[in-house]
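Shown next, in structure tokens, is the structure this report addresses.
Protein chains get the first letters and strands the later ones, always in sequence-line order, with residue 1 at the start of each.
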Protein chains: 2
Amino acid sequence: MYQPTATEENYLKAIYHLSNTGIKSVNTSSIATSMETTAASVTDMLRKLSDKEWINYEKYKGVKITRKGEKVALGIIRKHRLWEVFLTNILEFEWEEVHHMAEELEHVSSEELIKRLDKFLGHPKFDPHGDPIPDQTGKMESHDKFTLSAGEAGEKYTLTGVTDHSTLFLKHLRKYGLLPGVTVSIAEIMDYDKSMLVKVSKDKFHLSLEVSKNILIKKYVGSK
Amino acid sequence: MYQPTATEENYLKAIYHLSNTGIKSVNTSSIATSMETTAASVTDMLRKLSDKEWINYEKYKGVKITRKGEKVALGIIRKHRLWEVFLTNILEFEWEEVHHMAEELEHVSSEELIKRLDKFLGHPKFDPHGDPIPDQTGKMESHDKFTLSAGEAGEKYTLTGVTDHSTLFLKHLRKYGLLPGVTVSIAEIMDYDKSMLVKVSKDKFHLSLEVSKNILIKKYVGSK
DNA sequence: TTATTAATTTAGACAAATCTAAAAATAGAA
DNA sequence: TTCTATTTTTAGATTTGTCTAAATTAATAA
């Protein structure tokens with residue numbers, strides 16, 4: 001119907017993420033915070049998005065994304081994550097470097113381009129941070145909701161993703177070799193502060209609860 | 001100094017091309033034509049570009065691009081042509097399909113991205129249409145100015161590029177297998193209309209002057 | 001050289017996206 | 001329930017890039 005502008009795409013992406021990962025209702029101020037703008041700007045944009053039927057919006061009542069809006073958001077998320085795979089796997093950027101570039105590349109409009117990029121990359125199912133990549137119809141594998149902080153001493157896990165995507169956190173994890181696919185064994189959990197002693201390949205080190213809460217895992221299922 | 005917007009980049013690119021490939025002076029209306037906009041819009045933009053010292057501009061006197069402006073333009077041309085190489089060589093698009101996508105990709109800002117893309121592609125010197133790719137400092141190999149229409153009967157040439165970049169023309173050439181790098185022998189030139197009978201691999205066919213004028217060549221220099 | 005035509009610039013307006021400051025509506029506490 | 005604090009919306013401006021129509025300058029032809 002309408003062709004969204006890059007700004008509209010960014011709002012829809014933010015609203016989609018808030019709808020799914022956030023706990024609270026999607027209101028004007030939460031959108032303003034995540035878009036780093038003012039509540040007044042958000043109100044203006046909500047009216048536009050509503051006119052175009054990408055969201056349902058009533059004054060003072062918050063926002064709900066429509067099927068149409070969700071389709072737009074998933075399309076952008078697909079592009080973003082495919083470009084992230086390209087940047088890390090092909091151009092050999094580190095996982096903490098790619099987010100900003102992908103934010104620009106995701107707005108390049110050609111559908112055929114993204115179809116061929118997907119094929120060239122081998123139809124990846126997850127991006128470098130372990131987030132699932134939607135297919136052309138918007139379907140994707142669901143993320144493991146398990147965090148390392150909920151793991152048990154003596155157990156072995158595979159790192160599948162992160163919940164904090166900040167550069168700072170990702171750089172921190174790479175210092176320990178904590179990357180998607182890596183095996184993590186919990187040697188001990190400290191009663192006092194819930195920090196844990198973990199083993200990654202041959203290294204042993206402590207992780208604070210702050211860190212383990214932001215690491216997604218699944219149960220380890222054998223080496224081959 | 002200033003960071004050009006995508007629109008400013010497009011104007012500078014157009015002015016650069018008009019300055020180099022065009023015959024006439026770069027005036028308001030020629031820019032308006034090439035940007036597909038109105039003279040009034042061009043005048044507005046010329047003032048802005050002049051304020052930022054990317055061009056020298058005096059009312060009613062036409063435009064001259066500055067060194068600074070040239071640097072911006074060459075940066076964009078470099079990005080455009082490298083993305084075109086990526087799209088044809090890696091994603092296997094045809095040469096007539098890539099221009100529009102490259103127009104979007106060229107405005108993605110990261111210098112590091114383009115540096116790595118260049119490396120990944122093997123530091124190509126020419127894009128799929130035979131146009132030279134500037135290096136990081138703006139230097140590039142000069143285009144062969146020789147067109148096939150100036151060739152001689154009985155001689156052998158290598159196709160190096162085109163002067164008409166339209167989809168229609170490029171599609172037309174591909175039908176004959178006329179692509180950069182291909183060897184073209186002129187069998188005969190017709191006195192009447194200057195059309196020529198040429199041989200490309202095992203095929204022989206006629207080319208009108210209209211077509212041969214838009215094909216760039218250099219002398220053939222042996223098979224190995 | 002003067003008159004007419006063509007090119008260019010100015011004036012004023014518009015759309016998108018943003019902002020600050022003020023007004024209105026809702027939510028929470030007493 | 002009524003008052004206060006918070007959230008949200010409105011009002012009015014700003015910036016970027018665009019437009020049409022009118023005015024101005026330059027070019028050209030008689």
Side-chain angles (χ1 to χ4, degrees), chain A residues 1-15 18-19 22-65 69 72-73 76 103-104 106-107 109, chain B residues 1-15 18-19 22-65 69 72-73 76 103-104 106-107 109:
Chain A
M1 206 112 330
Y2 297 98
Q3 195 59 37
T5 65
T7 311
E8 286 169 339
E9 288 178 343
N10 286 334
Y11 270 94
L12 287 170
K13 192 175 47 148
I15 292 166
L18 288 168
S19 307
I23 309 129
K24 301 173 188 175
S25 80
V26 182
N27 55 16
T28 305
S29 54
S30 62
I31 298 168
T33 304
S34 88
M35 296 286 297
E36 295 185 298
T37 184
T38 60
S41 301
V42 173
T43 300
D44 289 343
M45 182 54 79
L46 292 183
R47 219 187 305 280
K48 287 181 202 169
L49 296 177
S50 181
D51 287 348
K52 291 171 182 167
E53 298 183 334
W54 290 317
I55 59 170
N56 288 316
Y57 166 63
E58 276 179 275
K59 290 204 295 186
Y60 299 102
K61 298 277 169 65
V63 167
K64 218 182 152 199
I65 196 162
V72 174
I76 297 302
E103 294 258 83
E104 290 190 62
E106 73 191 10
H107 301 294
S109 61
Chain B
M1 206 108 334
Y2 297 99
Q3 195 59 34
T5 66
T7 311
E8 287 169 339
E9 288 178 344
N10 285 335
Y11 270 93
L12 287 170
K13 191 173 51 149
I15 292 166
L18 288 168
S19 306
I23 310 129
K24 301 172 190 176
S25 79
V26 182
N27 53 17
T28 306
S29 54
S30 62
I31 297 168
T33 304
S34 87
M35 294 289 295
E36 296 184 299
T37 184
T38 62
S41 301
V42 173
T43 301
D44 288 344
M45 183 54 80
L46 293 184
R47 220 186 305 281
K48 286 180 203 170
L49 296 177
S50 181
D51 287 349
K52 291 171 180 166
E53 300 184 332
W54 289 318
I55 59 170
N56 288 316
Y57 165 63
E58 276 179 276
K59 290 203 296 186
Y60 299 104
K61 297 277 171 63
V63 167
K64 216 179 155 204
I65 196 162
V72 174
I76 296 304
E103 295 257 86
E104 290 189 62
E106 73 190 10
H107 301 294
S109 61

key: Validation row: B:Met35, B:Met45 side chains within 4.5 angstrom (heavy atoms)   = no
task = Can you spot which of A:Ile15, A:Leu49, A:Val26, A:Val63 makes a side chain to side chain contact (heavy atoms under 4.5 Å, CB included) with A:Tyr57?
result = A:Val63
query = Is the shortest side-chain N/O distance from B:Thr38 to OP1 or OP2 of D:dT18 below 4.0 Å?
reply = no
Pairs where residues 45-57 of chain A contributes a residue and the test salt bridge (Lys or Arg N to Asp or Glu O under 4.0 Å) is met, not counting sequence neighbours = A:Glu8-A:Lys52, A:Glu53-A:Lys68
request  = Using distance alone, with no hydrogens and no angle criterion, decide if A:Asn27 and A:Ser30 have a side-chain donor and acceptor under 3.5 Å apart.
outcome  = yes
ask   = Is there a side-chain contact between A:His107 and B:His107 (heavy atoms, below 4.5 Å)?
value = no
Side chain to side chain contact (heavy atoms under 4.5 Å, CB included), paired with B:Thr28, selected from B:Thr38, B:Thr33, B:Leu46 = B:Leu46
For nucleotides 1-4 of chain D, list the nitrogen or oxygen atoms of the protein found under 3.5 Å from its nitrogen or oxygen atoms, one pair per line.
none

note = Protein heavy-atom contacts under 4.0 Å, written 5' to 3' over nucleotides 1-17 of chain C as B (base), S (sugar-phosphate only) or - (none), form the string -------BBB-----SB
inquiry  = If you compare all heavy atoms of B:Ile65 against all heavy atoms of B:Ser19, which two are closest, and at what distance to 0.1 Å?
reply    = CG2-OG, 4.4 Å
query = Got a second to check how far B:Ser34's OG is from B:Asn10's CG, nearest 0.5 Å?
reply = 10.0 Å
